[in-house]
> 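I'd like to ask some things about the structure below.
Note on naming: letters A, B, ... go to the chains in the order of the sequence lines (proteins, then strands), and numbering restarts at 1 for each one.
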Amino acid sequence: MKKNLKYNVVWLLIAAIAYAFIYVLYVTGVITPFTEYTLITIGINIMLALGLNLIIGFSGQFSLGHAGFMAIGAYSAAIMSVKYPTMGGFFSGILLGIVLSGIVALVVGIPTLRLKGDYLAIATLGISEIIRIIIINMKDITNGPAGIFGIPPMVNWSMVFGFVVIVTLIIVNFIHSGPGRATMAIREDEIAAESMGVNTTKYKVAAFIIGAITASVAGSIYSSYVQTIAPKDFGFMKSIDILIIVVFGGIGSVTGTFISAIVLGILNMFLQDAGALRMIIYALALIIIMIFKPGGLLGTWEFSVKKIFKKKEDKSNASIER
Amino acid sequence: MEVVIQQLVNGLFLGSIYALLALGYTMVYGIIKLINFAHGEIYMLGGFMGYFFINKLSLGFFPALLLSMVGAAVIGVVIEFLAYRPLRKSTRIAALITAIGVSFLLQNGMIYWLGPEKKSFPQAIEFKNYQLGFIQISNIQVLILVISLVLMIALQLIVKKTKMGKAMRAVSVDADAAQLMGINVNRTISFTFALGSALAAAAGMLIGLYYNSIDPMMGVVPGLKSFVAAVLGGIGIIPGAALGGFVIGLLETITIALGFSDYKDAVVYALLIIILLIRPAGILGKNIKEKV
């Protein structure tokens, strides 16, 4: 416990330094409303991509339906905070989104996660499209294809920062826990894991639900920040956008997700006016990365405070690092 | 009653387009286990090639159809060579993501080049309506059905009767063993892509003629739905893909006829999920237990 405390303090320090760094940028006026948009988008994308990376990178299940869960969160928060334009309304919207997306992920996950590989991808894609079509057709509540506008803005950058830290904590802790190890065993070889007594469906569903919930939270924050949402924002393309972040960084690397969300966010800022050209560059990068580094840029590599300490202290005990 | 039969007839035409597309998916999946997400984009390119051949080279419909099928076959082989062949030995997810990348590249390449707006497809064949009893059929619908049936039968003959077809079937069962028997696996896979792409291009041109419009994003939704069709019939099984295509086409028009047109895509995906849960191998497929 004491040993872990040291690392946790270091991580906390890193988070505090990052916060202070952004704060200084704000105070000195480096961050304008335009760059603020990029900053907050990066934060939201980190949350989305971490959830997806948990599903794809750590449990080895290929989901293409992330945008559907994001839509659930976005609409819950939007509807609640339009009705009750207070912080309480917004947070109950987030909570509603968490509950709804958790239930949907559970109901959908138990049967579909029996499917393997590509079939699962198509099933999740179908589910996300179904969610979107239902939102379009529930005109009384969701205002149909026109979407909801005039959502009261509730989030600022510190809140987004806080949420990113919380989501990261939850995901990293899950990965390092017992169930997380079981989940990674499933990724390595599902049949072997099953024959070793791992309840594969349980852990796959658990990872899927956590991923769905983080997507929902990110969606809630997104809707409150952009103040206008429409069903078309949560189509297949959005799922692919998140997938690209995960793949760029490394399928199975939390560090990679952070780095790629930041790099792609900044790249996007400069390519904003390029339109179709931006997507061509994206697509080419995706193909080239996959051909030369099929596991993503960082693979499953993680930045670890522990390793740095280990190198300085003793090398003889390196075999039990985690 | 008349409305229902009319809708069923309409569903048949839509279904034959889905079936043509699904054949390409099913062949590629059967041989290298890859969901070729770029297949819908080949269909889109087929439509655009037809548009150019008819408008710029002022060819008739059938020469343009043949040319765009050949063109699409070449594009399919090039895509396979550049994007999928280097990934033959890596994970399925990597290959799938590459396929998504190729599909994005083709869509946005076309948007960048020609703009995102719809283009009206030239009316190369004059539209005529026939009245068969109470059913209305246009000559274009008949054309669609006849061309797709001819192509499907031709495909079935190629796969069952020719040497290349035999090689395709061998590679799909076991690529390594086929190689040991002296089959050129790479050439067989290229040939599969060529066949599938040619069928997709034909479907793209026919749909262009039918709806009178084409645009760079037209391949996305039919691409997904025809993949659903392929899964529905049992992926890797050629008659299954045709069957699945017709089922999806009919289902969609029935949903529209019942007044739920807003939900037509949702019904297709829901059917997919149900089928996957009840019969993961598809309607005509056999269930194979996986071993370690």
> Counting only heavy atoms closer than 4.5 Å, note whether A/L64 contacts chain B via side chain, backbone, both or neither.
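For A/L64, the side chain is the part near chain B, not the backbone.
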
> How close do A/A215 and A/H66 get, counting heavy atoms only, and between which atoms?
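Shortest heavy-atom contact: CB-NE2, 3.6 Å.
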
> On a heavy-atom basis, which atom in A/G235 and which in A/R132 lie closest, and how many Å separate them?
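That would be CA-CD, 3.8 Å.
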
> Within a strict 4.5 Å, meaning less than it, do heavy atoms of the B/I254 and B/L258 side chains meet?
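They are in side-chain contact.
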
> Let me know if B/S90 has heavy atoms under 4.5 Å from chain A in its side chain, its backbone, both or neither.
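The side chain, not the backbone.
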
> For a side chain to side chain donor-acceptor pair (under 3.5 Å) check, start with the C-alpha distance between A/T257 and A/N53, then their side-chain angles and the critical distance, and finish with the verdict.
CA-CA 8 Å; A/T257 301; A/N53 206 348; 2.7 Å; yes

> When heavy-atom pairs shorter than 4.5 Å are enumerated against chain A, which of B/L105, B/V228, B/L272 gives the highest number?
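Looking at each option in turn, the highest pair count goes to B/L105.
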
> Under a 4.5 Å heavy-atom cut-off, does chain A meet the side chain of B/V231, its backbone, both or neither?
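The answer is the side chain of B/V231.
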
> Name the region of B/F37, side chain, backbone, both or neither, that has any atom closer than 4.5 Å to a heavy atom of chain A.
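For B/F37, side-chain heavy atoms alone lie under 4.5 Å from chain A.
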
> Give me the contact list for residues 71-87 of chain B versus chain A, heavy atoms only, anything under 4.5 Å, ordered by residue number.
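B/L82, B/A83, B/P86, B/L87, listed by number.
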
> Roughly how far, to the nearest 0.5 Å, is the CG atom of B/L45 from the OH atom of B/Y51?
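That separation rounds to 14.5 Å.
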
> For B/P216 and B/P116, which heavy atoms make the closest approach, and how far apart are they?
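So the minimum-distance heavy-atom pair works out to CD-O, 3.9 Å.
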
> Contact part of A/I127 toward chain B, heavy-atom cut-off under 4.5 Å: side chain, backbone, both or neither?
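A/I127 touches chain B through backbone and side-chain heavy atoms alike.
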
> I need the residue from A/I244, A/V108, A/I130 with the largest number of non-hydrogen atom pairs under 4.5 Å to chain B.
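Option with the greatest count: A/I130.
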
> Decide whether B/S103 and B/E41 meet the rule of one side-chain donor and one side-chain acceptor closer than 3.5 Å.
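Short answer, yes.
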
> Among B/Y43, B/Y269, B/Y25, exactly one meets ring pair (Phe, Tyr, Trp, His ring centres under 6.0 Å) together with B/F227. Which residue is that?
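Going through the options one by one, the only one that passes is B/Y25.
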
> For B/Y112, look at atom OH and say whether over 12 heavy atoms of other residues, nucleotides or ligands are found less than 6.0 Å away.
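No, not enclosed.
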
> Can you name the closest pair of heavy atoms from A/N268 and A/Y282 and give their distance?
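Looking at all heavy atoms of both residues, the closest pair is ND2-OH, 3.1 Å.
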
> When only pairs under 4.5 Å are counted, which of B/I111, B/L34, B/L96 shares the most heavy-atom pairs with chain A?
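Ranked by contacts with chain A, first place is B/L96.
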
> At a heavy-atom distance under 4.5 Å, which candidate from A/L284, A/I280, A/L286, A/L125 has the highest pair count against chain B?
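Between A/L284, A/I280, A/L286, A/L125, the count favours A/I280.
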
> Let's test your reading of the structure: which of A/I136, A/V247, A/I288, A/I240 forms the most heavy-atom pairs below 4.5 Å with chain B?
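Among A/I136, A/V247, A/I288, A/I240, the one with the most close pairs to chain B is A/I240.
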
> May I ask you to check whether over 12 heavy atoms, not counting those of A/K293, lie within 6.0 Å of atom NZ?
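Count not over threshold, so no.
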
> Using non-hydrogen atoms and a 4.5 Å limit, figure out which bit of B/A95 sits close to chain A: side chain, backbone, both or neither.
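Neither part.
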
